[in-house]
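Below is one structure; the comments refer to it alone.
Bear in mind that the values here come from a model prediction, so they are computed numbers and not experimental data.
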Amino acid sequence: MKSGDTAPKCVLSHTHVLTTDQQEEVMATPTETTPPAPEAVPSSVRLTTLFGEREFEWDKAIYFPAGLKGFPDHNVFALANFPGDGASSFLLMQCLTEPELAFIVAPYNMDSDTINPEHLEQAFTIHGIKKNDGAVLLIVTLHKPEDNGDVSMSVNLRAPIIIDTERQSAYQHHLPEAGHYDFHHVVK
């Protein structure tokens, strides 16, 4: 600044105009960030799901960085057992940000040879998942015939959900066409 020039009277900060006095006060006052009170950050979310009211813990959520096929903007899901007394081989995979979005999934038996173990190993490697930290879920579809016959069930072998249990992240991974995996593999 040259002698005789005057200091600017105000500065824009976001959309607020600060006077010179306010600028000096802000600069002189040390800013302290106060962490939010523990009760200010919810540890769980309560949702009305397809199977009634359920509570899900945020720290148990599974993050899908790329979402699911057809649902790229829905990234946070949780797994829950179905209501009832008996042990089920199916789980509810519930979106925590969209209560109406949920899937029935089945844990894949890693000792099975329905999916070529080499293809699963490749999927784990692609997503940076250690073999011991990897798990696989299959999305289940229920098929009700138009003639009101028996309901049938299929699983999506072509695009299983690959989970990194250590990092709580997951990916819907398309397996190679060479594996001849079906999107609707009938479960008997």
Side-chain angles (χ1 to χ4, degrees), residues 43-45 47 49-52 54-145 149-188:
S43 62
S44 64
V45 60
L47 300 174
T49 72
L50 299 171
F51 300 99
R54 302 293 294 261
E55 187 166 349
F56 298 93
E57 301 293 322
W58 281 110
D59 65 350
K60 300 217 183 336
I62 300 169
Y63 180 66
F64 285 76
L68 291 167
K69 307 297 181 208
F71 304 96
D73 298 330
H74 300 289
N75 305 85
V76 185
F77 288 82
L79 296 173
N81 291 319
F82 279 94
D85 297 329
S88 173
S89 54
F90 301 102
L91 297 168
L92 174 68
M93 188 172 81
Q94 175 68 52
C95 180
L96 297 186
T97 57
E98 179 58 54
E100 294 181 8
L101 182 59
F103 299 91
I104 298 171
V105 294
Y108 177 73
N109 178 355
M110 299 296 276
D111 294 328
S112 168
D113 63 352
T114 307
I115 298 175
N116 183 333
E118 289 179 19
H119 292 161
L120 288 177
E121 190 175 317
Q122 290 170 352
F124 290 161
T125 300
I126 287 168
H127 298 292
I129 302 171
K130 296 175 190 165
K131 186 176 180 180
N132 292 340
D133 293 337
V136 178
L137 295 175
L138 303 174
I139 295 179
V140 176
T141 302
L142 300 176
H143 306 274
K144 184 177 180 184
D150 291 339
V151 174
S152 63
M153 185 180 341
S154 66
V155 292
N156 183 345
L157 287 178
R158 182 67 186 279
I161 296 169
I162 308 297
I163 300 176
D164 184 332
T165 59
E166 177 67 25
R167 294 184 294 186
Q168 291 178 236
S169 60
Y171 308 87
Q172 189 170 19
H173 183 84
H174 269 78
L175 293 173
E177 287 184 30
H180 303 289
Y181 302 113
D182 194 356
F183 286 106
H184 297 285
H185 177 82
V186 177
V187 177
K188 297 177 185 178

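For the atom pair CG (Leu137) and CZ (Phe90), the distance works out to 12.0 Å, reported to the nearest 0.5 Å. Atom OG in Ser44 sits 11.0 Å away from atom NZ in Lys60 (nearest 0.5 Å). Taken from CE in Met153 to NE2 in His185, the straight-line distance is 12.0 Å, to the nearest 0.5 Å. Atom CD1 of Ile62 sits about 4.0 Å away from atom CG of Leu79, to the nearest 0.5 Å. Here the NE2-CD1 distance, from His174 to Ile162, works out to 12.0 Å after rounding to the nearest 0.5 Å. Remark: Leu47 CG to Glu100 CD distance equals 11.0 Å, nearest 0.5 Å.
Side-chain N or O atoms of Gln94 include one that pairs as donor or acceptor with a backbone N or O of Leu101 at under 3.5 Å. Formation of a donor-acceptor pair under 3.5 Å by the Gln172 side chain with backbone atoms of Gly67 is not found in this model.
Residue pairs satisfying the side-chain hydrogen bond (donor to acceptor under 3.5 Å, both in side chains) criterion with at least one member in residues 63-81, sequence neighbours excluded, are absent. Sorted by first and then second residue, the side-chain hydrogen bond (donor to acceptor under 3.5 Å, both in side chains) pairs involving residues 118-142 (not counting sequence neighbours) are His119-Tyr181, His127-His173.
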Practice problem: Carefully, step by step, assess Asn156 and Leu138 under the rule side chain to side chain contact (heavy atoms under 4.5 Å, CB included). | Solution: CA-CA 6 Å; Asn156 183 345; Leu138 303 174; 6.0 Å; no
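For the pair Phe183 and Ala159, the tightest heavy-atom approach, listed with the atom from each and the gap, is CE2-CB, 4.5 Å. Between Phe56 and Ala78, the shortest heavy-atom contact is CD2-CB, 3.5 Å. When every heavy atom of Arg54 is checked against every heavy atom of Ala80, the shortest pair comes out as NH2-CB, 3.4 Å. When all heavy atoms are compared, the tightest approach of Leu157 to Leu175 is O-CD1, 3.2 Å. Across all non-hydrogen atoms, the minimal contact from Pro107 to Ser89 is CD-O, 3.3 Å. Across all their heavy atoms, Val136 and Phe124 have their closest contact at CG2-CZ, 4.1 Å.
Checking each of Phe77, Phe64, Phe103 against Phe71 for a ring-ring contact (aromatic ring centres under 6.0 Å, His included) leaves exactly one that passes, namely Phe103.
Within a 6.0 Å sphere centred on CG of Asp59, other residues, nucleotides and ligands contribute more than 12 heavy atoms.
Considering only heavy atoms from C-beta on, His184 stays 4.5 Å or farther from Arg158 through its side chain. Looking at Tyr108 and Val155, their side chains never come closer than 4.5 Å, going by heavy atoms from C-beta outward.
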